*Asks:* 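The following block contains the structure, expressed as structure tokens.
What you see is a predicted model; the values in this text were computed from it and never measured. Labels below follow one simple rule: chain letters A, B, ... track the order of the sequence lines, proteins then strands, and each chain is numbered from 1.
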Amino acid sequence: MSELSSALQRNAAELRGESLWRAALGRFSANRAAMGGLILLAMITAFALFAPLLSPHDMETNDWERIQIAPTLEQNHWFGTDANGRDLFVRVAAGARVSLAIGLITTIVSVLIGVVYGAIAGYVGGRTDQIMMRIVDVLYALPLFFAIIILVTIFGRNIFLVFAAIGAVEWLTIARIVRGQTLSAKQMEYVEAAKSMGAPTRRIIFRHIVPNVVGPVIVFATLLVPTVILVESFLSFLGLGVQEPSTSWGLLISQGTSSLDTAPWLLVIPAAFLAATMYAFNFIGDGLRDALDPKDDA
Amino acid sequence: MSREALLSVEDLSVEFKTRRGRVAAVRSVTFELAAGQCLGIVGESGSGKSQTCFAIAGLLPQSARTGGQIRFKGRELLGASRADFDRIRGREIGFIFQDPMTSLTPHRTVGAQLCEMLQHHESISGAAARQRAIEIMDRVQIPDAEARFSMYPFELSGGMRQRVVIATALILRPALVIADEPTTALDVTVQAEVLRTLRAVVAHAGTALILVTHDLGVVAGSCDEVAVMYAGRIVERAATDTLFRDPQHPYTRALLDCRPTLEQEAGSRLQTIEGVPPSPSSMEVPGCEFAARCPVVMPVCTTARPPLTQRRPGHAAACHQEQSA
Amino acid sequence: MSSPLLRVRNLRVEFALRGGQTLRAVDDLSFDVQPGETLGIVGESGCGKSTLARAILRLTPIHSGSLEFDGKRYEQLTPRQMQPTRRAMRLVFQDPLASLNPRWTIRDAVREPLEIFEPAMSRRERDSEVERWLDRVGLGAGYLARYPHELSGGQNQRVSIARALIGGPRLVICDESVSALDVSIQAQILNLLADLQRETGIALLFISHDLSVVRHISRSLLVMYLGRMVEYGAAADTFANPRHPYTRTLLDAVPIADPARERARRLATGPTVGEVKGEAGSTMHSLSGCSYRPRCRSATALCKITTPALQHGVACHHALTPSL
């Protein structure tokens, strides 16, 4: 088959090459849905960070004169107030900060642990791999919520517990993905080339294998963040997660359900934010998968 | 032209639209093929030889844009629907791909694949199909054809698999078979045998053959006529003997010279062609595409493209240079 | 005669297969490579030549046999002890694109050997070495920041060669290093290798299935078939007068770019249409006696009973006499 890729006769002027990452970025930015998701996420993040500056209210002050008022411009209660007269606008923003933080931090930690674990298991192989993956299998079998309930019972309610519990489960899938990718990356000729030079195992894993397996992990991680947020919301909904006076979308939704017939905005608005964030991450994740899968470039 | 050509390709162009812009794999190709004739198309990567064949067989992807004409048995092929091509391919035009491992379905026996080919185009019974299949397997020199009928591709060696592929291409007795690098993936001893078989079977059935390869040696032994392609165009076309004896185009000459042969003195410096072949994604140049690498380039070569002209009856070359002895 | 740079004796590489059988990929190989010379290893698929290359570099475990480099045995050394040998013996692969990490620049790729072998060297020194070697293989500084997928096969192979030569090896193993290249590019790379060999005095172990290329570049020749050596000697002699039937078959099969001679040869070797002798069996089912027996025209009963040993450079009971 004739070569249709690779430019050949470029002159030898010092040119910055287009790395595979750059090419992927190009493909991503051409994807409208993905860019839309990115912009949406940026807007939500901006909201989370800057809402307190825009609103005169804070999240705790009870305005007993304006309990459960619908969204209105009067008194700058743009999202209305809840049963205790607290402004929903700043509370939703506060909830956003918590939910997003939990989503991102937990995912990042899971990714770090999962990648290192999976790459080592996949590359070293043999007995070590067997043992490491059996551990993963056992942990996988533990139901997440039981584990969290047990932890909560032992250590009490703690926001860091939520981080830990979710992270403890999510790294498992990432480890599996990375191990699988590593098994095939291990066969690549450039790995063999490095071995022929006597490159130490550590170097091969972190400088050759990991950069080349990280693509699917990025996609997975992007789709993992909304899952984490959802789990956190559910936990908080059940009363096991974030505690007052902090708030999260889950908690807001939980509180909103009890006043659904009288003050629907208390449920609808936080739920809408949650849904929008999920959509955004999903579109971004899809876009990343298409961008990082270099099957075009004809 | 004394008889109507079986295949007539005129000013064929194949372009792809990609993220990086237009890629012109085939820029302008014109040739004819008579019934029973064997034409070899020789070229390096990026020459467009494979894409030319895909265009004839209707195997181009949807994103391809074609121009020009391809007349087969008097019928225009370009622009034919996928359904039309499905009917023509197999029945009238057989195609042999380079890699037998990927062109045969791994999970079906070779016999089943042959029969499937038959029964798709003709309505015959299973028993009759089996009979025909074993016959053709015999004809392509597969020993113990009956036993091998029920084998899976992975159970056969590379050369054997390629013979099965040849059988698949020939079983419907097409008028034309196109073989795209059919022996490149095979060991050299096997290659010799498979080529010999292909040539014999094709000659016996009166089928026309287009043999695409990068190896001039393959062409020397197997083809009546040779077309040399460079950068999406044919730069020389002649009867095999004539081409090797008296190449008219500098690229053909260079290609013949730069190969280490078993005759020349070992260790001597090889002739090379400076530079690299142009990629299909490079811009169209006003003059000859080979000018940048040509050892006998003249000023006119960079401004005017030399057309493919007859030097002698049956020998055409696209070069501004006067013919040399 | 100076002592050999590389000395391989009775090398055996086996793979365990499902069902308890063993595959003898490399079976009792012994040969030498002299400093500064080129040994060509030729054979078809399944002959074990790639396994041999990897065994020599200890990328594949060895079953038995000895490996000696520069007078020192190394088949049992620990990875740390192997380092100097690894620096002195390098490999250029077949697929130019696959042997370079796609996410590394060309500079990264060529610099890596120095990062491993010369940890004390400064970054600037390393970079200047990289530039020097890229230049010597014919690529300008403009390629430093590029990525492998942006270069052609020939250019990537030059990068591989630069990477193999940086750090000053004594022996370079080329495993089908020009097989994936266009003919015109192949010629460039072969000339480059010859030039570099002349300049640096390295020895080359050139593995290929392409006889014309091997003949062009090799001083000595080793022909392999199904893991065994069938012929070994000076390349010129072997090509002029092949003694093993397999070598003869290999030579006869090389397509000649001359229609008249190709036709003449076909007539001379006789019609083999209808006489396909079957192809290389697998080394799993080890036949008794000579493994080339099923394909050999000269095979007799003796060939079934006894495996021919290598004598005077050929392993055959009926070594061919020089043809006229």
*Asks:* Given side chains that start at C-beta, do those of R215(C) and P260(B) come closer than 4.5 Å, heavy atoms only?
*Replies:*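 Contact flag for R215(C)/P260(B) side chains = no.
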*Asks:* To the nearest 0.5 Å, tell me how far E274(B) CD sits from S184(C) OG.
*Replies:*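 Reported to 0.5 Å precision, the distance equals 10.5 Å.
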*Asks:* Would you check if I185(C) and P277(B) make a side-chain contact, meaning some heavy-atom pair closer than 4.5 Å?
*Replies:*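 Heavy-atom side-chain distance check passes, below 4.5 Å.
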*Asks:* Select, from T189(B), L216(B), I142(B), the one with the greatest count of heavy-atom pairs under 4.5 Å involving chain C.
*Replies:*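 Top option by heavy-atom pairs under 4.5 Å: T189(B).
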*Asks:* Would you mind telling me which of P259(C), G154(C), G43(C), G138(C) has the largest number of heavy-atom pairs within less than 4.5 Å of chain B?
*Replies:*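 Maximum pair count with chain B is reached by P259(C).
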*Asks:* Most heavy-atom pairs under 4.5 angstrom with chain C, which of R259(B), H214(B), R245(B)?
*Replies:*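 That would be R259(B).
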*Asks:* Is there a donor-acceptor pair closer than 3.5 Å between any side-chain N or O of E44(C) and the backbone N or O of L186(B)?
*Replies:*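 No.
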*Asks:* With only heavy atoms counted, which part of D257(B) is less than 4.5 Å from chain C, the side chain, the backbone, both or neither?
*Replies:*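 D257(B) has no heavy atom closer than 4.5 Å to chain C.
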*Asks:* Would you mind checking which part of Q191(B) comes under 4.5 Å of any heavy atom in chain C, side chain (CB onward), backbone (N, CA, C, O), both or neither?
*Replies:*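 Contact with chain C is through the side chain of Q191(B) alone.
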*Asks:* Going by side-chain hydrogen bond (donor to acceptor under 3.5 Å, both in side chains), name the residues that satisfy it together with T38(C), two or more places apart in sequence or in a different chain.
*Replies:*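 Listed in chain order: Q197(C).
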*Asks:* Measure the shortest side-chain to side-chain distance between D195(C) and R269(B) over non-hydrogen atoms and say whether it is less than 4.5 angstrom.
*Replies:*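 SC-SC contact between D195(C) and R269(B) confirmed.
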*Asks:* So for T261(B), is it side chain, backbone, both, or neither that comes closer than 4.5 Å to the heavy atoms of chain C?
*Replies:*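 Contact with chain C: backbone only.
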*Asks:* Of the backbone (N, CA, C, O) and the side chain (C-beta and beyond), which part of L190(C) lies under 4.5 Å from a heavy atom of chain B, both, or neither?
*Replies:*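 Side chain only.
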*Asks:* Tell me, yes or no, whether the heavy-atom count around R219(C) atom CZ, taken from other residues, nucleotides or ligands under 6.0 Å, exceeds 12.
*Replies:*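 No.
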*Asks:* Determine yes or no for a side-chain-to-main-chain donor-acceptor pair under 3.5 angstrom, with N191(C) supplying the side chain and L270(B) the backbone.
*Replies:*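 Yes: the side chain of N191(C) pairs with the backbone of L270(B).
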